[in-house]
Protein chains: 2
Amino acid sequence: MATIKDVAAEAGVSVATVSRVLNGKGYVHEETLMRVREAIEKLNYSPNEVARSLFKRESKLVGLLLPDITNPFFPELARGVEDELQKQGFRLLFGNSDEDPEKEKAYIDTFLQNQVVGLISATQAFSQLNDERPAIPTVLLDRTHEGSYTVYADGIEGGRIVARELVNRGSHNITVLKGPGHIQPVQDRFLGAVEVLASSNVNFQVIQMASLTYEEAEQRAKELFSQYPDTDGIFASNDITAAAVLHEALRIGKSIPDDVQIIGFDDIPMSRLLFPALSTIRQPVYEMGQQAAQLLLKLIKKEQVIEQNIQLPVSFIERNTTRKVKRNG
Amino acid sequence: MATIKDVAAEAGVSVATVSRVLNGKGYVHEETLMRVREAIEKLNYSPNEVARSLFKRESKLVGLLLPDITNPFFPELARGVEDELQKQGFRLLFGNSDEDPEKEKAYIDTFLQNQVVGLISATQAFSQLNDERPAIPTVLLDRTHEGSYTVYADGIEGGRIVARELVNRGSHNITVLKGPGHIQPVQDRFLGAVEVLASSNVNFQVIQMASLTYEEAEQRAKELFSQYPDTDGIFASNDITAAAVLHEALRIGKSIPDDVQIIGFDDIPMSRLLFPALSTIRQPVYEMGQQAAQLLLKLIKKEQVIEQNIQLPVSFIERNTTRKVKRNG
DNA sequence: TTGAAAGCGTTACCAT
DNA sequence: ATGGTAACGCTTTCAA
């Protein structure tokens with residue numbers, strides 16, 4: 001690898017001059033500029049980012065911390081983040097924490113040791129780590145925490161919509177599979193749904209889940225249908241859960257959506273491929289990633305940030321696990 | 001951030017000594033050791049990886065290049081790679097290239113500028129980039145290229161299995177949706193299938209696809225059923241394609257698997273959630289990621305590498321888009 | 001307009 | 001057993 005010295009020697013100038021043309025700052029004679037450019041070309045030189053980072057005490061790297069990229073919700077988030085950051089020449093240092101605080105700390109530490117300029121985290125542990133928060137720009141994604149910069153979707157409204165749609169489409173006996181309460185956006189969905197359900201003229205019951213995984217959902221789905229056989233509407237808290245419920249419902253011979261309506265949450269790519277295709281609440285996941293990246297970029301550049309918390313709207317995606325609503329006229 | 005100098009001052013020793021205890025090499029008195037440890041503790045010091053990288057001319061970073069993490073095949077791959085690398089303290093610099101050579105080059109360049117110690121790539125363009133291949137350890141994942149280190153699944157055998165299973169389970173008129181020929185592992189599936197089909201007593205036809213995307217597959221599926229209405233067995237080349245075909249088949253009223261059997265390839269997580277659940281060929285994706293990481297680690301440490309190409313076995317996952325095979329007895 | 005030199009935080013060599 | 005110091009490749013004063 002050629003260094004700046006090689007280029008300087010080749011061009012017959014000092015390294016300072018080369019540095020100037022590299023960074024396009026300071027005066028440099030037209031002719032010298034040419035010579036340097038040629039030398040760079042000839043030696044196929046490109047600057048060592050590590051040396052740069054060392055001097056500037058910051059890199060062009062951003063740390064991205066996810067619970068688990070294997071969960072279908074996250075790839076698009078990550079893509080949104082990456083695409084946005086990439087435009088400005090930033091690269092991603094990437095890690096999955098499995099929500100394990102140890103792993104999480106290990107990742108954050110090494111990210112910091114590598115002098116990342118910013119951090120984006122979609123993990124719960126991180127958002128709770130209040131003390132000893134790294135002194136670099138940080139944005140929480142799909143998580144919230146008092147005093148932090150955050151980007152998330154409107155869970156409350158999402159929950160409300162689910163309840164409304166279920167009720168409007170004729171469910172009278174609704175079961176909601178409630179996700180873990182310590183994850184705020186998930187809790188919000190629940191709150192929104194209950195708010196509407198409580199003021200509607202329907203029965204409803206809630207089953208508490210420790211995690212929103214397929215495995216647990218399979219189990220809970222069985223309980224659901226044996227414990228509440230009259231259920232004719234289900235809010236599944238996320239699409240993975242909904243898929244498990246749907247599978248179980250079909251297995252025991254329920255007709256969907258005629259016997260039971262099901263609504264998920266997230267609109268992960270698989271949802272439209274289920275059969276029947278899953279009605280769900282769409283979070284603008286890719287956009288959430290983008291927004292988080294944009295917010296972080298502003299923070300890094302110390303630009304004025306108007307809103308510390310960015311809430312994105314959700315929308316109902318009508319597919320085939322809900323009945324058609326009767327139109328008037 | 002405290003530096004090694006601060007620690008030295010705090011402990012009343014020289015930076016050289018601190019460096020020695022940090023790296024556990026060279027002599028250092030028991031008592032001095034203690035003092036230094038205390039100073040480190042007290043100042044909450046951790047070494048600057050960037051400075052280390054600069055001096056050593058290599059980092060603890062590995063570059064991972066993927067076509068698109070949003071494609072459900074890749075998250076598990078990435079996880080396999082990460083988990084394995086993480087054990088040894090390596091971190092991932094991560095990028096999606098969309099198979100765009102420009103983007104690809106940009107990522108590789110910056111990875112190199114950040115002095116990654118190794119590269120893992122699952123992109124096609126990269127494997128073709130023969131000249132000017134970076135002089136650092138590199139392994140190709142799910143791609144092959146003459147002279148490179150590679151990890152991939154046995155596509156040929158996979159193709160054979162698909163053909164055999166389709167035939168054994170009673171299909172007589174088989175359509176294969178062939179993926180892009182320039183991706184070797186995809187081409188292999190095709191070759192394997194044709195090998196068996198050609199020597200079987202069945203009809204078969206092939207439809208060429210430019211990409212294995214859902215969008216194109218939806219289109220091709222329509223052509224398939226109108227052009228070859230007698231098709232009673234389909235090899236879909238990957239699970240995404242299979243999902244699209246399945247959807248279309250159901251839509252036009254085919255009974256699956258009675259009228260038409262469908263077999264996919266990959267066994268992405270969604271496959272078992274489709275309805276009917278998709279029969280497919282399972283690639284050990286997570287393990288492929290691990291193996292690639294292990295191979296890279298060996299390369300980095302200049303350990304003896306026995307096989308330059310690691311081929312992993314595939315297996316048939318019987319679900320509900322294929323008929324039950326008749327058992328003798 | 002250009003160059004010399006200091007310094008970013010480490011490590012490793014050479015003395016002592 | 002310990003310390004001084006050059007070096008890694010770059011940027012940025014400061015002086016010329």
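Side chains are part of it too, since the values below use all heavy atoms of this structure and drop only hydrogens, waters and symmetry mates. Per chain, numbering begins at 1; letters A, B, ... match sequence-line order.
For A/Asn48, counting side-chain heavy atoms from C-beta on, the closest listed nucleotide (C/dA5, D/dG9, C/dT11) is D/dG9. In the set D/dT11, D/dT5, D/dA7, the nucleotide with an atom closest to the side chain of B/Phe55 is D/dA7. In this structure, of D/dT12, D/dG9, D/dA7, it is D/dG9 that holds the atom nearest to the side chain of B/Leu54. Relative to the side chain of A/Pro47, the nucleotides D/dC10, C/dG9, D/dG3 differ in distance, and D/dC10 lies closest.
Salt bridge annotation for B/Glu31-B/Arg35: present, with a cationic side-chain nitrogen under 4.0 angstrom from a carboxylate oxygen. Classification of A/Glu49 and A/Arg52 as a salt-bridged pair holds, one side-chain N sitting under 4.0 Å from a carboxylate O.
Judged by distance alone with a 3.5 Å cut-off, no donor-acceptor contact links the side chain of A/Arg57 to the base of C/dG7.
Formation of a donor-acceptor pair under 3.5 Å by the A/Glu82 side chain with backbone atoms of B/Asn96 is found in this model. Without hydrogens or angle criteria, A/Gln115 side chain to A/Ser53 main chain gives a donor-acceptor distance under 3.5 Å.
The shortest distance between the side-chain N/O atoms of B/Arg20 and the OP1/OP2 oxygens of D/dA1 is not below 4.0 Å. One finds a side-chain N or O of A/Thr17 lying less than 4.0 angstrom from the OP1 or OP2 phosphate oxygen of C/dG3.
Under the side-chain hydrogen bond (donor to acceptor under 3.5 Å, both in side chains) criterion, B/Glu84 pairs with B/Lys87, B/Gln290, B/Gln294, not counting sequence neighbours. B/Lys298 meets the side-chain hydrogen bond (donor to acceptor under 3.5 Å, both in side chains) test with no other residue; sequence neighbours excluded.
In this structure, the NZ atom of B/Lys5 is 10 Å from the P atom of C/dT10, given to the nearest Å. If you measure from atom NZ of A/Lys56 to atom C1' of D/dC10, you get 9 Å, rounded to the nearest angstrom. For the pair B/Glu58 CD and C/dT11 P, the computed distance is 13 Å after rounding to whole Å. Atoms CD (B/Glu49) and P (C/dT10) sit 10 Å apart, rounded to a whole Å. Between the CD atom of B/Gln115 and the C1' atom of D/dC10 there is a distance of 11 Å, rounded to whole Å. One atom, CG of A/Asn114, and another, P of C/dT10, lie 12 Å apart when rounded to the nearest Å. Across the protein-nucleic acid pair, A/Ile4 atom CD1 and D/dT11 atom C1' stand 8 Å apart, rounded to whole Å. Per the geometry, CD belonging to B/Gln113 stands 13 Å off C1' belonging to D/dG9, to the nearest Å.
Backbone-only contact: B/Thr3 has heavy atoms under 4.0 Å from sugar-phosphate atoms and none from a base. Counting non-hydrogen atoms under 4.0 angstrom, A/Val50 reaches nothing in the nucleic acid.
Annotation: proximity of residues 21-36 of chain B to DNA chain C (heavy atom, distance under 4.0 Å) is found for B/Asn23, B/Lys25, numbered in ascending order.
The cationic group of B/Arg91 lies under 6.0 Å from the six-membered ring centre of A/Tyr107 and within 45° of the ring axis, placing it in a cation-pi geometry.
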